[in-house]
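Any value given below was found using the heavy atoms of this structure, including those in side chains, with hydrogens, waters and symmetry copies removed.
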Amino acid sequence: MIIFKKIRWKNFLSTGNTPIEIDLNNSPTSLIIGSNGSGKSTLLDAICFVLFNRPFRIIKKEQIVNTINNGDCVVEIDFTVGQKVYQVRRGIKPNLFEIYCDGELLNQEANTVDYQRVLEQNIMKLNYRSFVQVIILGSSSYEPFMKMKARYRRDVVEEILDIKVFTQMDLILRDQQSLLTKNITEVRHRYDLLDKEIELQSNHLNTLETRQNQDKDYKLELLQKNDENAKKLRADIEELENTIKNTETSVQDKEKAEKKLRQLEKIQTKIEQNLSTHKKALEFFEDNDNCPTCTQKLQAEFRGEKIAYEKGKLTTLNDGMKDLLKEITTVEEKVNEYTSLSNKIRDMNIDLAKLNTSLDGIYDHTTRINKELESISEDDIEKLKTELSDLKTKLTETLTELEKITEEKKYVDILREILSEKGARKRIIKKYLPIMNQLINQYLQSMDFFISFHLDEEFKETVKSRHRDTFDYNCFSEGEKMRIDLALVFTWRAIAKMKNSTNTNLLILDEIFDSSLDGQGTEDFFKIIQTLTNENVFIISHKGDILFDKFTNIIKFEKQNNFTRLQNV
C-alpha cells in the first residue's frame with residue numbers, strides 16, 4: 001500500500017519562492033477552499049507533475065514555472081511503500097528528477113524515461129491513467145472511466161487487479177517465441193542439409209563400391225552432360241543479352257519523353273491559369289455596367305469589344321488546350337510504353353542472373369568432378385565411410401537439438417496462450433467482474449441512484465433504469481454521470497484494497513460538489529466517505545460555507561501580491 005505523507009512545492013504555477021507544504025496523512029477529510037484563481041487545484045497538478053512529469057490540467061510544461069520568479073521550480077513528495085520510505089523530487093529551471101529510498105538517492109545512470117519507469121513499475125506499480133482513476137476525480141482534465149476507449153479501460157482494470165505483469169511476461173515470452181522459431185528454422189535447415197549431404201554421400205559411396213571400375217566413365221559422362229548444359233546455357237545467355245541490348249536501345253528516348261511530358265504539363269497549367277483569368281474578365285464585363293473602382297458607367301461599345309475579345313481568347317485557349325491534351329495523351333502513352341519496356345528489361349536481367357548462377361553451378365560441379373578424377377584411389381571408399389559416419393553422428397545430434405528446441409517452443413506457446421487476453425487475464429477479470437458490478441451498484445444505491453449497472457468482459461456497460469429500459473452512460477444527466485463516476489472510483493479503490501495493488505490512502509475530488517452533485521447527492525456522498533477507513537480524502541470546493549461542519553480539516557488558499565499562499569483557518 002502506498003501511504004502519501006507530505007507534498008511541498010515552490011515557484012510552481014502561481015506559488016512563489018515561499019514553499020507550500022500540505023500534510024496528506026493527518027486528517028480523514030480535508031476541505032480545500034479559496035476564491036477562483038487562488039491556486040486550489042494546484043495540489044492536483046503538483047502531485048501529477050512530481051510523480052508522472054505531467055500536470056493534471058492541460059498546461060504546457062513551460063507554463064508550469066512561476067512566470068515572475070522564472071526559475072527554481074521544485075516539487076517534492078514523501079510516501080511509503082511497505083517498510084520503505086521514498087521521496088521524489090522533480091524540478092524545472094534547472095531540470096531535476098531524483099528518487100530517494102530510505103534517504104539514499106537511487107542510481108541515476110539510466111536515462112530519464114527508464115528512471116521514470118523505475119518509479120512507476122518498480123516502486124508505485126501504477127501508471128498515470130490508473131493513478132487518476134483511483135486517486136483523483138477532477139472537473140477539468142479528468143477522463144472518466146466510462147469515456148475511455150475499451151483498451152484503456154482494460155489497462156486500468158488490469159493495473160488495479162495487478163495482472164499487468166502478465167502483459168510484461170507475455171512480451172518477454174513473445175521475444176523468446178520469436179527467437180525459438182528462428183532457431184527451429186535454422187536447426188531444421190541444418191538438419192535438412194545434413195540429411196541431404198548424407199544421402200549424397202551414401203549414393204556416392206554406393207557408386208564407388210558397386211561401379212568403381214566404371215566410375216571414370218560415369219564421371220566423364222557427367223562432364224559431357226555438364227558441357228552440353230553449359231553450351232545451352234551460354235547460348236541462352238547470349239540470346240538474352242542481345243534481347244536486353246536491343247530493348248535498351250528502344251528506351252533510350254525515355255528521359256526525353258518524360259521531360260517533354262513535364263514541359264507539356266507545365267504548359268497545360270499555364271493555359272488553365274489563362275483560361276481562369278479570361279473567364280473572370282468575361283464574367284466581369286458581362287455582369288457589370290459600372291467600373292467598381294471609379295463607379296463610372298462602362299460604355300456599351302467598350303463592353304462589347306471586351307466581351308468579344310475575351311470570348312475570342314477563350315476559344316483560342318480551349319482549342320489550344322484540346323490539342324495540348326491530345327499531345328499529352330500521346331506522350332503519356334509513349335512514357336508508359338517506355339516504362340513497360342524498362343520493367344521488361346529488369347525482368348530479363350533477373351532471368352540473366354539466374355542463368356549465370358546456373359552456369360556457375362555447372363562450372364563448380366565440373367571442377368569438382370575433375371578433381372575427383374585426379375585424386376580417386378582405393379582409399380576413397382574408407383575415407384567416405386568415415387565422413388559418412390561423422391555426418392550421421394552430427395545428424396543425430398542436430399535432431400536431438402531440434403526436438404529440444406521444438407519442445408521448449410511448445411511450452412512457450414502454451415504459456416503465451418495462458419497469458420493472452422483470452423487466457424488467465426480473462427479468467428481473473430471474469431472472476432472479479434461480479435464483485436465489481438456488485439460494488440458499483442452498492443455505491444450507486446448508497447447515493448440513492450437506483451439503476452442496474454453492469455460491465456461485461458469487454459468493459460462495455462449495460463444500464464437499466466425506470467421500467468427496465470436499457471440506457472448507456474451518455475443518456476444520463478451530468479449529476480447522474482457524476483454518481484456513476486464516483487461509484488466507479490470507490491469500486492476501483494475497494495478492488496485495489498482486495499488485491500493490495502494500487503492501494504493508497506489518498507483520494508482527491510476536485511469541485512465535484514460545485515457542478516454536478518445536488519444537495520441530496522452531496523449528503524449521499526458523505527455517507528460513503530464515512531464508511532471509508534484509513535483514507536485521507538481531499539475535496540476542492542467553492543461551497544466552503546455549507547461544507548465546513550462535514551470536514552475534520554480546512555485548507556484555504558489565497559492570493560497575496562500575485563503569489564498563492566496558505567491562509568490559517
Side-chain angles (χ1 to χ4, degrees), residues 149 174 178 181-182 185-186 189 192 225-288 292 302-367:
K149 294 180 180 178
R174 184 176 65 184
S178 176
T181 300
K182 181 181 177 182
T185 302
E186 292 176 353
H189 179 64
D192 291 340
K225 287 182 180 179
N226 281 352
D227 186 52
E228 292 173 356
N229 291 334
K231 287 180 181 178
K232 183 177 182 303
L233 283 174
R234 284 195 294 270
D236 291 343
I237 289 171
E238 184 179 358
E239 180 182 356
L240 190 56
E241 285 176 339
N242 291 332
T243 305
I244 291 172
K245 186 176 181 181
N246 294 333
T247 308
E248 286 176 341
T249 303
S250 301
V251 296
Q252 287 179 347
D253 295 332
K254 181 182 178 183
E255 277 190 32
K256 191 182 295 183
E258 290 176 340
K259 182 177 180 181
K260 183 177 180 181
L261 179 61
R262 289 194 295 271
Q263 291 173 344
L264 291 174
E265 288 173 343
K266 289 180 180 179
I267 295 172
Q268 180 185 3
T269 302
K270 290 181 180 179
I271 293 176
E272 288 174 347
Q273 292 174 348
N274 287 334
L275 278 170
S276 176
T277 301
H278 287 290
K279 282 180 182 179
K280 290 179 181 177
L282 178 60
E283 291 173 358
F284 170 77
F285 286 109
E286 286 180 342
D287 298 339
N288 294 279
F302 175 73
R303 285 182 64 227
E305 290 175 356
K306 283 292 185 180
I307 290 172
Y309 171 76
E310 297 299 337
K311 286 183 177 178
K313 274 291 189 181
L314 288 172
T315 300
T316 301
L317 289 170
N318 282 321
D319 291 340
M321 178 63 82
K322 291 178 182 177
D323 294 337
L324 180 63
L325 290 175
K326 289 180 181 178
E327 181 66 14
I328 288 175
T329 301
T330 301
V331 176
E332 283 179 340
E333 290 174 352
K334 197 68 177 175
V335 170
N336 290 335
E337 182 182 345
Y338 286 148
T339 301
S340 177
L341 287 173
S342 296
N343 293 336
K344 186 177 179 181
I345 290 172
R346 183 197 62 204
D347 294 338
M348 287 190 292
N349 279 319
I350 293 173
D351 293 337
L352 181 62
K354 292 179 179 178
L355 290 175
N356 281 315
T357 301
S358 298
L359 185 60
D360 290 341
I362 290 176
Y363 287 155
D364 290 341
H365 190 217
T366 298
T367 301

Just verifying a value: how many Å separate [X] [atom1] and [Y] [atom2], rounded to the nearest 0.5 Å?
X      : Y      : atom1 : atom2 : answer
Glu305 : Ile307 : CD    : CD1   : 11.0 Å
Lys231 : Asp236 : NZ    : CG    : 14.5 Å
Leu325 : Glu332 : CG    : CD    : 9.5 Å
Asn318 : Leu275 : CG    : CG    : 5.0 Å
Lys334 : Thr329 : NZ    : OG1   : 15.0 Å
Thr357 : Ile362 : OG1   : CD1   : 11.5 Å

Quick check: do [X] and [Y] have side-chain heavy atoms less than 4.5 Å from each other?
X      : Y      : result
Asn343 : Arg346 : yes
Glu241 : Lys245 : no
Thr315 : Asp319 : yes

Quick one: closest heavy-atom pair of Glu327 and Leu264, and the distance?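 In this case the closest contact between Glu327 and Leu264 is CG-CD1, 3.6 Å.
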
Write down the atom of Leu240, the atom of Met348, and the distance for their closest heavy-atom approach.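 Minimum heavy-atom separation between Leu240 and Met348: CD2-O, 3.5 Å.
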
Given 3.5 Å as the limit, does a donor-acceptor pair link the side chain of Ser178 with the main chain of Arg174, or not?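 No.
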
Donor-acceptor contact below 3.5 Å, side chain Thr339 vs main chain Val335: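 Judged by distance alone, yes, a pair lies under 3.5 Å.
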
Do any side-chain atoms of residues 266-273 form donor-acceptor pairs under 3.5 angstrom with protein atoms, and if so which ones, sequence neighbours left out?
residue, atom, partner, partner atom, Å
Gln268, NE2, Glu272, OE2, 3.3
Thr269, OG1, Glu265, O, 3.0

